[in-house]
Every structure is written in C-alpha cells, then in structure tokens.
Amino acid sequence: MDKLTVRDIDVSGKRVLVRVDFNVPLDEKTGGITDDSRIRATLPTIKYLTDRGARVILASHLGRPGGKVVDKLRLTVVAQRLSQILGKQVGVTKNCIGPETRKSVAKLNSSDVLLLENLRFHSAEEWDSPVFAQSLAKLADIYVNDAFGTSHRRHSSIVGIVEYLPAVAGLLLEKELETLGGILGNPAHPFGGLVGGAKVSDKVGMLENIMDKVDFLLIGGAMAATFLKAKSYEIGLSLIEEDRVDTAACLMEKAARNGVHLLLPVDVVVADEISAEAKGNIVSIESISPGQRIVDIGPQTIKNFYEELRGCQTVFWNGPMGIYEIPQFSEGTRAMAKFLTSLKATTIVGGGSSAEIVTKMRLANKMSFVSTGGGASLIFLGAQTLPGVEALLDKDSLVAGKFKALTLPG
C-alpha cells in the first residue's frame, strides 16, 4: 500500500468528502434495502473521521439513472439506514452540488455526517467533467476514496476531483488493496482459484495473471461451457463465447505449462430451457444433448472440487457455478459457498454476484474477506491499474502546490 490514507493526515475540524459505494440492492416492490453490506463496509472510515472531529460529507451513486433525477433512486433510504447503524442522524441533500448543498455543508459541526444526493443524477459525473468535479471539490478540504467498487471508473468523483483536493485512501479501500494484493504478492500455498460466472472475456486478464500463482484452478458456471467447447465436447445450446474458444484453449495450455491443475466439470445439470419452471437432469459431459443447456455443475464435479480445495491454504472465489437465481440450478454455487466456510484457509470472495450470494446465505462473516468490488477486483487481479487508486497521493508525495485553483464562484 503505497498511497496515503486517512491515517496519514490531520482531519480534525476539516470538511472531508468521502467517495463511498452505496450502490445497494433495492427491493423492487418496497424500495427498501435488501443488503446493506456495502454501507457497513465503510463504517471504519466514517467512524475514524467522526471520532477525530471531521465534518464528513459522503458521496455515492445508486443505480443507473442516466443523468436524470429518478425518485426511486434517491439516497434517502440509504441515509435512513446509515442513521440507524451509526446511531446518529445523517442528513441527505436535495442535490449533490449547488448553492443549497454548500449551505447544508456550511452548517455541519464537528463529527456530523451528511450524504449528498445521487451523483449520477448528473450526466457529468460519468464523463469526468472538470466543472462538475470542481463543484464537488468546493464542498470540502480533503477528499477520501473509499469506493473500491467504482475505482476502475474514470468518473468525476473518482479521478476528476483529485485535481482540486488532497486525495487519500479510506480504510476500506486500503483493506481491499492489501487483501487482493496479497493474492498477487505472497499467497499461502497450496492456492486454489474457484472461478465461475458467465463470460470468459470478463476474466481473461485475471486468469492469465494468476496462472503462475495458483496451484489449482477450478472452472464452473456458464464459462465452463466455453472451456468444454475448446475440448470438443458437445455443449448443446449452452451459452458460450464463440470468439473466446481459442482463448480458453490457450488458458488450458498455459495452465499445463505452469504445472497448474485445471479442473473442468465432469458432470453437469442440463435443462431444455432456462426458466423458474424448468427441471434439470444430471448428465456426464460426454452425454449432453444438442437441445440442452448447461445450468449448473453436477454432484461428482462438486465432490471433485471439494477434494482439490480441501488442502488449500488460500482460496479465491469469483463467480457462481450455475444459474443461482433459479433455486433448482443453484445447488453447485450453494454447495461451494458452504464448503469454503469449512476450510482452515484464507478464503477471499471476489465481489460482484459472489459477494451477494454469500451475504444472502449469511456466510459472509465466515469468509476471511468479501470484496465490495466485482469489476474492480477483476481488473486489479488482472494486473491493470485502477484510475481511482492511481490518482491518490503517494506516501512520498508533497501535498503543497499539487492542486489546481478552484475557479467556481462562491
């Protein structure tokens, strides 16, 4: 961790704008929050700042409003939940920028917390507008990035604002980088990777980068069909990426060269259609019919995966083993999640749908670490830079003279 964090600066009495990731799932009918783990993940940073008398201004997006005000995507419900968790009132502004918002910030006392309205109600947020970034910067003295899950985005509140304020990492961002960086740097061996999900293309960079670090690589989910296709198996109507079949073959060849034991399913659950009413049948991978679709890994594959992971000291999991949204096709995913909690190993869940699954199964607290970033974790593990992290101050940087003058009136 070579970036400055909130621990490295004096925040007492300062206005501190914290970019958080409160993009929480909402119940379509009630509008209530169905999983507040992303809110709770930021508590160490928020409490660190309030304990030291900072005036805390939180900024987040929620959903994809497309640059328009969408009432069901207002952050009022988030402010209410955060108030309950903190045990203190958290106000929410009507807009994330503008004169009224500046007045609300000016009224803050030491240790107060204020949440800005949805950043993405402004289209300028998503195309890194200097004017929008300056408008946010006018609200604060210091900027803290604690939104690992959006740090791969070149958005105004992620990279634009650092041109105008001293910018450091929050405690969650620091923990994400150190934990995931440990996989790349010095994992305890044997090290197993359990990878699923839909697309090979989303995970090529990560797979290539960890190939010389893992001892075992277990492939499930819809992406397993692309690997099976590369080995000339009949995969029926299963979802595959035709343009990634050669990529899958190359990854298997690289695994063999590196001495990595790469396991594919030996049996799968297939169905004639993907629907809540569909019934699945277990077949070997040699017996998939042209009209069938792979919807989950089979029981023998689950056992094989158990055996490979049983002796591991480190396990990284990213991506479901089947169509977990449909109960009858979720057994492989659920079985692997439960099994990971039984291991005497460091178990790291790589965000996205995997994080949602373990949270819904109430297993998150039994894992060593559950990342809050899906796409961001894949990019980071693929050895690509995260713009939001790169933009932060290095530990050896000089704060003075780095920032552009704010030009907005008022």
Can you see whether [X] engages [Y] through a side-chain donor-acceptor pair at a distance of less than 3.5 angstrom?
X: H261; Y: E308; value: yes
X: H61; Y: R19; value: yes
X: T372; Y: E176; value: yes
X: N304; Y: Q300; value: yes
X: N95; Y: T93; value: no
X: D21; Y: S60; value: no
X: T226; Y: E241; value: no

How are the rings of Y306 and F339 set to each other: parallel, tilted or perpendicular (split at 30° and 60°)?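 Judged by the thresholds at 30° and 60°, the geometry between Y306 and F339 is parallel.
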Between the side chains of [Y] and [X], is the shortest nitrogen-to-carboxylate-oxygen separation below 4.0 Å, so that they form an ion pair?
X: E307; Y: R310; value: yes
X: R64; Y: E125; value: no
X: K47; Y: D51; value: no
X: R293; Y: D272; value: no
X: R154; Y: D128; value: no
X: E117; Y: R74; value: yes
X: E242; Y: K229; value: no
X: D8; Y: K395; value: yes

Does NZ in K175 sit with more than 12 non-hydrogen atoms of other residues, nucleotides or ligands closer than 6.0 Å?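 For K175, atom NZ is not crowded (no more than 12 foreign heavy atoms under 6.0 Å).
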Okay, side chain of R40, backbone of D36: is any donor-acceptor separation there less than 3.5 Å?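 Looks like no, no N/O pair under 3.5 Å.
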If you apply the rule side chain to side chain contact (heavy atoms under 4.5 Å, CB included), what do you find for K231 with L264, and how did you get there? CA-CA 10 Å; K231 297 191 74 171; L264 296 175; 3.7 Å; yes
For a side chain to side chain contact (heavy atoms under 4.5 Å, CB included) check, start with the C-alpha distance between L392 and L4, then their side-chain angles and the critical distance, and finish with the verdict. CA-CA 7 Å; L392 301 178; L4 290 175; over 6 Å; no
